[in-house]
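Here the structure comes first, spelled out in structure tokens, and everything after it is commentary.
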Amino acid sequence: MKDLSIQLQQLRAQNLYRSRRVLTGPQGAEVAIDGHRYLAFCSNDYLGLANHPELIRALQTAAGRYGVGSGAAHLVNGHSHEHHALEEELAEFTDRPRALLFSTGYMANLGVVAALLERGDTVYEDRLNHASLLDGGLLSGARLRRYVHADAQALAQRLVGREGGEALIATDGVFSMDGDLAPLPALAAIAREHGAWLMVDDAHGFGVIGREGKGSLDHYGLGLAEAPVVIGTLGKAFGVAGAFVAGGEELIETLIQKARTYIFTTAAPPALAAATRVSLRLARQEEWRREKLRALVRRFRAGAGQLGLSLLESWTPIQPLLVGDSGRAVALSEALRERGILIGAIRPPTVPVGTARLRITFSAAHSEQQVDRLLDALASVLARPLPTDSL
Ligand SMILES: *Cc1c(COP(=O)(O)O)cnc(C)c1O
């Protein structure tokens, strides 16, 4: 039996130790921790829907009707009218014939890749893809080929003279830790040329970009023919929990028969699906939330530019401040916390070694004054030497 304490000690020494903060209230622009209120720029609640009164009411009402637990897997006896109606609404939203709910995005990605590929096939993945896409590739037993981030040329080279079997190109639509978009039109063209599937995980695009928040594929005008497999999550802009896959009739029927992370797990509570239906409607209709987000991002980037901060090329609500060293990222996050501002230090293995960062995210729940407070705090913590600056 290996000594876990040594491993934990090493993580601490490398500034890679992770710990949790305990919130005692809802998600929002401000959150409560240990009796203190913090201004938070680290949630994925981009539209500010996680604590919306209409969602709360829908959850409560549906719990009164359906109870709490779904009681069974979807294929056994746990697939309720609320789940079914949500799937139909998600299919319509994504302009795809069908959609299928999964309990989490992580499970959707594992289930889909492993259902479509097997040993002898190949999955091509952007180097910065979400861990769940990579894990799906590993689980499937297919060959895993990673390509340089957002580089369609690099992908095309990998596909030249590709091995036999099926090929699947998997990418984030909006990259979760960098905030930039995948070059989807170029990836779609390469997929078509090589007879490969294109699978787009738009966890951070849905709700945020495209018409009515229809995501990065809508932004680029790509339909079912170009992107046959689409993943969306419901715990980010939609403010609830869960995920879906959207695609053609045969894809969805195949997943119902074969995706193990769909088959062998309890369906999410029906009340959650009921709340998500309300969230989907608000996310589509309330364009002001996306407009406000864009205005906040513009304000932040202009202010950050004046401070000379090294932001990445992103116009989404994900605005990472690249720091590099993990220790320095932790120290900056801690210094901000002392000023009442919460931003997570994102470190390896979530991001590549040497690219630790403060992942700053905005929500329609933030105000312009709060963005200014963030800029002031960043200016003061960056002006001050940090404990690790001498390293
Ligand atoms: C968050 C995320 C997931 C996982 O979704 P969960 O519903 O939180 O499990 C998958 N893919 C991407 C790109 C994500 O950002």
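Remember, it's 1-based here, ligands and their atoms both numbered in the order they're listed.
The ring-ring contact (aromatic ring centres under 6.0 Å, His included) test applied to His194 returns no partner, not counting sequence neighbours. By the salt bridge (charged side-chain N to carboxylate O under 4.0 Å, His left out) test, Glu253 is found to be paired with Arg98, residues two or more places apart in sequence or in another chain being considered.
Centroid-to-centroid, the aromatic rings of Phe41 and Phe300 stay 6.0 Å apart or farther.
By the 30° and 60° cut-offs, the orientation of the rings of His366 relative to Phe362 is perpendicular.
Each salt bridge (Lys or Arg N to Asp or Glu O under 4.0 Å) pair with one or both residues in residues 121-137, not counting sequence neighbours, would appear here, but there are none.
Closer than 4.0 angstrom to ligand 1 sit non-hydrogen atoms from Thr104, Gly105, Tyr106, Asn109, His130, Ser132, Asp172, Ser176, Asp201, Ala203, His204, Thr233, Lys236, Gly242.
Judged by the 6.0 Å and 45° rule, Arg145 forms no cation-pi pair with Tyr124.
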